[in-house]
Amino acid sequence: MFETLKKIRQERLVKRLSSVKRARVMRNFDNIKIIGIVFNITTEANWTKLSNYVKELESYGKKVYLVGIIDNKEKLNFIITNTKVTIVHRKKDVSCFGIPKRSRMKKFLSKKFDVLINTINDDDFFSRIVALRSLAKLRVATDTPAHKEVYDLLIKVDSKTSETEFLKQVINILFDINK
């Protein structure tokens, strides 16, 4: 019963936030200054790959901010040293309805992103609500039915595509825009 109520509340919130009008701006990678990335914290190996790719983006002069969600069952047994990372624990930083607490998300959501990239390849409510509350000019995600009403640019990938492979595809597409 509660799960049904939770889903209804989540979908109403997504619908309400989706109806807010905003200016969408699609820029070439050269003109992008601030990038936001939503990711799922899984293993140290995945974090290392993502962290290395973020360093590569920063070498192009981009500011990259990340927000990662970690599930209740997983323990963070490695160190994330990047100061531009916000870590959200599903157990303590998310309400019973699945909505991330504003106090935890304040730092990330205050940034005006040129592009926000969701690397979570499923219909996760967390990533959709972060995208809807962000000040992003362009929202990018994988092509799934739940992402259609939230994101501006959807990219079709298979289920085996890693977060870093997806990020590389997004950046390659952004390089080709407006050239």
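No experiment lies behind these values; they were computed from the predicted model shown.
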Is the count of non-hydrogen atoms from other residues, nucleotides or ligands lying under 6.0 Å from Lys6 atom NZ greater than 12?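 Yes - once you tally the heavy atoms of other residues, nucleotides and ligands closer than 6.0 Å, there are more than 12.
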Compare every heavy atom of [Y] with every heavy atom of [X], then report the nearest pair and how far apart it is.
{"X": "Phe113", "Y": "Gly36", "answer": "CD2-N, 3.4 Å"}
{"X": "Ala136", "Y": "Arg22", "answer": "O-NH1, 3.1 Å"}
{"X": "Lys156", "Y": "Gln169", "answer": "O-OE1, 4.4 Å"}
{"X": "Thr86", "Y": "Phe108", "answer": "OG1-CB, 3.9 Å"}
{"X": "Lys101", "Y": "Lys92", "answer": "NZ-O, 2.9 Å"}

Partner of Asp114 under side chain to side chain donor-acceptor pair (under 3.5 Å), picked from Lys63, Arg27, Lys33, is Arg27
Between [X] (side chain only) and [Y] (backbone N and O only), is there a donor and an acceptor less than 3.5 Å apart?
{"X": "Asp158", "Y": "Thr161", "value": "yes"}
{"X": "Lys137", "Y": "Lys112", "value": "no"}
{"X": "Ser134", "Y": "Leu109", "value": "no"}

Go through the side-chain N and O atoms of Thr142 and Thr144 and say whether any donor and acceptor fall under 3.5 Å apart. no
If we only count heavy atoms from C-beta on, is the [X] to [Y] side-chain gap below 4.5 Å?
{"X": "Leu167", "Y": "Leu50", "answer": "yes"}
{"X": "Asp152", "Y": "Met26", "answer": "no"}
{"X": "Thr48", "Y": "Glu44", "answer": "yes"}
{"X": "Lys84", "Y": "Val64", "answer": "no"}
{"X": "Lys15", "Y": "Ser19", "answer": "no"}
{"X": "Met105", "Y": "Ile99", "answer": "no"}
{"X": "Tyr65", "Y": "Ser110", "answer": "no"}
{"X": "Ile87", "Y": "Arg104", "answer": "yes"}

Quick one: pull up [atom1] in [X] and [atom2] in [Y] and give me the separation to the nearest 0.5 Å.
{"X": "Asn46", "Y": "Asn40", "atom1": "CG", "atom2": "CG", "result": "9.0 Å"}
{"X": "Ile155", "Y": "Asp143", "atom1": "CD1", "atom2": "CG", "result": "9.5 Å"}
{"X": "Asp30", "Y": "Ile177", "atom1": "CG", "atom2": "CD1", "result": "11.5 Å"}
{"X": "Ile69", "Y": "Phe126", "atom1": "CD1", "atom2": "CZ", "result": "4.5 Å"}
{"X": "Ser162", "Y": "Lys168", "atom1": "OG", "atom2": "NZ", "result": "7.5 Å"}

Any chain of hydrophobic side-chain contacts (each under 4.5 Å) joining [X] to [Y]?
{"X": "Ile171", "Y": "Ile173", "result": "yes"}
{"X": "Val25", "Y": "Leu138", "result": "no"}
{"X": "Tyr60", "Y": "Val170", "result": "yes"}
{"X": "Leu17", "Y": "Phe97", "result": "yes"}

Could you check Trp47 against Ile41 for side-chain contact (heavy atoms from CB on, under 4.5 Å), going step by step and ending with a plain yes or no? CA-CA 7 Å; Trp47 165 250; Ile41 300 173; 5.9 Å; no
Decide, yes or no, whether a salt bridge links Glu11 with Arg128 under the criterion of side-chain N to carboxylate O below 4.0 Å.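 Looking at Glu11 and Arg128, the cut-off is met.
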Would Arg139 and Asn118 count as a side-chain contact (heavy atoms from CB on, under 4.5 Å) if you check the C-alpha gap in whole Å, the side-chain angles of each, and the deciding distance to 0.1 Å? CA-CA 8 Å; Arg139 300 176 188 150; Asn118 172 18; over 6 Å; no
Passing candidate, side chain to side chain contact (heavy atoms under 4.5 Å, CB included) with Val115, options Ile34, Ile35, Ile37, Leu153: Ile35
CA sep, side-chain torsions, deciding dist, call: Arg9, Leu5, side-chain contact (heavy atoms from CB on, under 4.5 Å): CA-CA 6 Å; Arg9 176 157 170 134; Leu5 182 62; 5.7 Å; no
Decide side-chain contact (heavy atoms from CB on, under 4.5 Å) for Val38 and Asp124; before the verdict, give the C-alpha distance in whole Å, the side-chain angles of both, and the deciding distance to 0.1 Å. CA-CA 11 Å; Val38 182; Asp124 184 57; over 6 Å; no
Between Phe175 and Phe29, how do the two ring planes meet: parallel, tilted or perpendicular, split at 30° and 60°? tilted
